[in-house]
Visitor: 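Pasting in a structure now, in structure tokens, and then I'll have a few things to ask.
The sequence lines fix the lettering, A, B, ..., with proteins before strands; numbering per chain opens at 1.
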2 protein chains.
Amino acid sequence: MLSEPPKRLTIYDLARLADTSPSTVSAVLNGSWQRRRISQKLADKILSLAKAEGYSANLQARALRRERSGIIGMILPLYDNRYFSSIAQHFEAQARQRGLFATVACTNRNPEQEREAARMMLAYRVECLVSTGATDPDTISEMCDERGATSIHMDLPGYKAPSVISDNREGARRLTDAILDRLAGQDTSENDILFIGGRREDHNTRERIAGFTQARTQRGLATSKADIITCDYAANRTQNALEAYMYQRTRLPSAMFVNSTISLEGVVRWLQLGGYQLDDMVMGCFDWDPLAAAFHPSLLMVRQDVEVMIERVFEIIDAPTVETNRCIEVSPEIIGV
Amino acid sequence: MLSEPPKRLTIYDLARLADTSPSTVSAVLNGSWQRRRISQKLADKILSLAKAEGYSANLQARALRRERSGIIGMILPLYDNRYFSSIAQHFEAQARQRGLFATVACTNRNPEQEREAARMMLAYRVECLVSTGATDPDTISEMCDERGATSIHMDLPGYKAPSVISDNREGARRLTDAILDRLAGQDTSENDILFIGGRREDHNTRERIAGFTQARTQRGLATSKADIITCDYAANRTQNALEAYMYQRTRLPSAMFVNSTISLEGVVRWLQLGGYQLDDMVMGCFDWDPLAAAFHPSLLMVRQDVEVMIERVFEIIDAPTVETNRCIEVSPEIIGV
DNA sequence: GCACTTTGCACAACCGATTGTGCAGTCGAA
DNA sequence: TTCGACTGCACAATCGGTTGTGCAAAGTGC
């Protein structure tokens, strides 16, 4: 294992074996041989030799010389929800398609970890760094700029690099509309909806609150501060916040706008503990999870269009432009209507 | 962006600025300067200069010269369940602690993708490749051996490299015991339990079936082929399999041993469609998901001890031994008893 | 004052690829 | 026969670090 590194085959070895020069071997193996007028015969010889010996190029050496690593990086808050995990999977798939090597690091919504991961990736000379849901996107853009790497933001926008995000406001508006439609069907007298979860300081939560408020305003409903609880992205905090909220109430709100699956976990736990049924209340969740859908078929959900978002990201990677603070918004889809 | 790569600072630049030699700068910056008897004064000068200029070493170049990349890789079937995503997160965390750079690729349980990802990682000279849930672990070990990289398997065992897996048989036995205990409480006459999900050809499923059977045998219950449906790891297949299964029955089985959260999704969907309640049947799931726990508080679950498993993996990385086919089994925990 | 050790640093080779350039040999045309 | 063009390849510099080695200058002991 690590003890005795069995001397990997290099182009120098192949050159000796093929009785030619390293530069010729290199040209043949990286495809530039036609341009370099290497004869078909010699090329074939080298190619078959390389195959026979199981040669594979040292991409570190190549990267060093070419000053292009072929690596693209992504930082991610976490893996463990459908949204982020699907971002990671699509990112990898697209990278692979382009012959790029994708590397993903998860940074727990922690700005210090984000910077540290960015530092590492830049030290390995990633050509491009996609920061997803970064709490401090602009610093990361600056780091990328210094190192000459393309910076792109996803999920949360930054101001020093292009961003690809969901149209949170529209998604929230449509989710709220769907909730209100359901309530109209139930013909409840007091259509009080609680917005719960997220961080008031983050762009997405703000936009979703705006959409939530807008949809209600359009139906002549006022929205007060008490209707909105931004208790961070955490199940326990959501659960505690609900506990506190209900302390001064006698009945459930008629609906909840739950801002993320992790908050949904808290809401559901709290409902179960209180002996409520899932359908005692209309629920909409800004995020999509098939397991939640299975357990709660009437749950309304917002499914962000990760596939399109990643496509947009790669359009920027493929053709980086100068307009640096563009923000592309992708419409999400409402599930369950 | 990619257009004008702003010449990164190198040790040569710093050497000019500090009026010294590149080798001295290198020694100072990589910590070997005491050994090389560089004076404290010069070292300080170089260090502060490096900080001021925002120098960061080109790790590709370092890797090339040192013939150690500082990169460790992992391949993973998917990100989107709690088990695998937590594996990825712990892997990264442990790697970071050791100053290693972790890179994870997900390969969709597809042997060709697994090999391709391994090839890429080895071309970037990963020092170690952890293959998690690999469908073709031994080929990957061979590839690693050729390249002088340490190979370790996780979740599913291989025979040409050490493996760290869950004690599936014991976990299944204990889960089955827990299910039977619940049934005993209900005092059902026919304690029929259906085992559903997984692949009969994979080691884990086989072991879990063995544990399932053992636990039943110990209580004097026979297990027939009809009690076991290995319909792969997929929600739809599980749903269809249940459909077919119930076609020739009049009532639900009294319990189900569900082999993975993805199968659980199918089971739950099927129950909902059939108009059943979650508690019409005792359910145990070989996997853990907090959202599922929230929705179904009486669900029994097996939580694999990812933290310990990753620790074991790194013990092997830290001190690679010769006994190559060791298989370490880590006990999982039963949740919900 | 001299030999000897220690201190402090620079030189140059090297890791494994890529690529600009040069040159011998062949061929065709004048 | 001679010159130019083209073919086919090798040489050597280079990317940005690391590290074995050598050698002045300073310090020490007698």
Visitor: Any side-chain to backbone donor/acceptor pair from Thr107(B) onto Leu76(B)? Under 3.5 Å, distance only.
Guide: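 The answer is yes, because a donor-acceptor pair under 3.5 Å joins these two groups.
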Visitor: Judged by each residue's nearest nucleotide on DNA chain C, which is more toward the 5′ side, Tyr12(B) or Arg62(A)?
Guide: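 Its nearest nucleotide being more 5', the pick is Tyr12(B).
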Visitor: Would you work out how much the helix from dG1(C)-dC30(D) to dA30(C)-dT1(D) bends between its ends, with each end axis defined by five base pairs, to 10 degrees?
Guide: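 Angle reported: 50°, given to the nearest ten degrees.
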Visitor: Would you kindly give the CD-to-C1' distance between Gln40(A) and dC9(D), to the nearest whole Å?
Guide: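 Distance, rounded to whole Å: 15 Å.
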Visitor: What is the distance from CZ of Arg35(A) to C1' of dT21(C), rounded to the nearest Å?
Guide: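 Rounded to the whole Å, the gap is 15 Å.
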Visitor: Look at Tyr55(A) and dG16(C) and indicate whether a side-chain polar atom (N or O) is within less than 4.0 Å of OP1 or OP2.
Guide: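 No, no such contact exists.
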Visitor: Look only at the side chain of Arg8(A) and the backbone of Ser56(A), and say whether a donor-acceptor pair between them is shorter than 3.5 Å.
Guide: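 Answer holds: yes.
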Visitor: Is the phosphate of dC9(C) approached by Ser39(B) (side-chain N or O, under 4.0 Å from OP1 or OP2)?
Guide: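 Answer yes for this pair, as a side-chain N or O of Ser39(B) is under 4.0 Å from OP1 or OP2.
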Visitor: Find the distance Leu42(B):CG to dG8(C):P and express it as a whole number of Å.
Guide: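 Going from Leu42(B) (CG) to dG8(C) (P), I get 10 Å.
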Visitor: Any donor-acceptor pair under 3.5 Å between the side chain of Arg125(A) and the base of dG16(D)?
Guide: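 When only heavy-atom distances are counted, Arg125(A) does not reach the base of dG16(D) through any donor-acceptor pair under 3.5 Å.
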Visitor: Looking at Lys41(B) and Asp44(B), does any basic side-chain N land under 4.0 Å from a carboxylate oxygen?
Guide: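 Salt bridge between Lys41(B) and Asp44(B), a charged N being under 4.0 Å from a carboxylate O: no.
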Visitor: For Ser23(A), which contact category applies under a 4.0 Å heavy-atom criterion: base, sugar-phosphate, or nothing?
Guide: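 Here Ser23(A) touches the bases of the nucleic acid.
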Visitor: Over how many whole Å does the gap from Leu64(A) atom CG to dG17(D) atom C1' extend?
Guide: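 The distance from CG of Leu64(A) to C1' of dG17(D) comes to 8 Å, rounded to the nearest Å.
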Visitor: Are OP1 or OP2 of dT18(C) and a side-chain N or O of Arg66(A) less than 4.0 angstrom apart?
Guide: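 Yes, Arg66(A) has a side-chain N/O under 4.0 Å of OP1/OP2 on dT18(C).
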Visitor: Would you mind classifying the nucleic acid contact of Ser26(A) as base, sugar-phosphate or nothing, using non-hydrogen atoms under 4.0 angstrom?
Guide: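 Here Ser26(A) touches the bases of the nucleic acid.
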Visitor: I'd like to know if the side chain of Asn108(A) and the backbone of Asn110(A) have a donor-acceptor N/O pair within less than 3.5 Å.
Guide: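 Side chain of Asn108(A) to backbone of Asn110(A), a donor-acceptor pair under 3.5 Å: no, none is there.
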Visitor: Checking contacts here: which listed nucleotide (dA10(C), dC15(C), dC9(D)) is nearest the side-chain heavy atoms of Glu67(B)?
Guide: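 Minimum distance to the Glu67(B) side chain belongs to dC15(C).
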Visitor: Side-chain atoms of residues 96-106 of chain A: list all donor-acceptor pairs with protein atoms under 3.5 Å, sequence neighbours left out, distances to 0.1 Å.
Guide:
residue	atom	partner	partner atom	Å
Arg96(A)	NH2	Cys106(B)	O	3.2
Arg98(A)	NE	Asp318(A)	OD1	3.0
Arg98(A)	NE	Asp318(A)	OD2	3.1
Arg98(A)	NH1	Gln94(A)	O	3.4
Arg98(A)	NH1	Gln94(A)	OE1	2.7
Arg98(A)	NH2	Asp318(A)	OD2	2.8

Visitor: Ile38(B) CD1 to dA25(D) P: how many Å, rounded?
Guide: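 Roughly 18 Å, once rounded to whole Å.
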Visitor: Specify the separation, in whole Å, of atom OH of Tyr124(B) and atom C1' of dG16(C).
Guide: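 My rounded result for the distance is 14 Å.
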Visitor: What's Arg37(A) touching, base or sugar-phosphate or nothing? Going by heavy atoms closer than 4.0 Å.
Guide: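 Counting heavy atoms under 4.0 Å across all strands, the contact made by Arg37(A) includes a base.
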Visitor: Can you check the Arg36(B) CZ to dT19(D) P distance for me, whole Å?
Guide: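 Rounding to the nearest Å, CZ of Arg36(B) and P of dT19(D) are 8 Å apart.
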Visitor: Counting the atoms with a prime plus P, OP1 and OP2 as sugar-phosphate, which does Ser32(B) contact under 4.0 Å by heavy atoms, base, sugar-phosphate, or nothing?
Guide: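 Here Ser32(B) touches no strand at all.
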Visitor: Should the pair Tyr79(A) and Tyr79(B) be assigned to parallel (<30°), tilted (30 to 60°) or perpendicular (>60°) ring geometry?
Guide: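 Parallel: the ring planes of Tyr79(A) and Tyr79(B) meet at under 30°.
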Visitor: For DNA chain C, whose closest nucleotide is more 5', that of Ser21(B) or that of Arg65(A)?
Guide: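 Per heavy-atom nearest nucleotide, the more 5' residue is Ser21(B).
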Visitor: Regarding Leu59(A), tell me which of base, sugar-phosphate or nothing describes its non-hydrogen contacts under 4.0 Å with the strands shown.
Guide: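 Nothing, no heavy atom under 4.0 Å.
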Visitor: Grab the CZ-P distance between Arg16(B) and dG16(D) for me, whole Å please.
Guide: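 It is 12 Å, rounded to the nearest whole Å.
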Visitor: Taking NZ, NE, NH1 and NH2 as the nitrogens, is one of them in Glu146(A) or Arg119(A) under 4.0 Å from a carboxylate oxygen of the other?
Guide: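 Salt bridge flag = no for Arg119(A) with Glu146(A).
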Visitor: Tell me whether the side-chain N/O atoms of Asn30(A) come closer than 4.0 Å to OP1 or OP2 in dA17(C).
Guide: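 Asn30(A) to dA17(C) OP1/OP2: no side-chain N or O under 4.0 Å.
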Visitor: Tell me whether Asp80(A) is salt-bridged to Arg82(B), with the criterion being a basic N under 4.0 Å from an acidic carboxylate O.
Guide: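 Arg82(B) and Asp80(A): salt-bridged.
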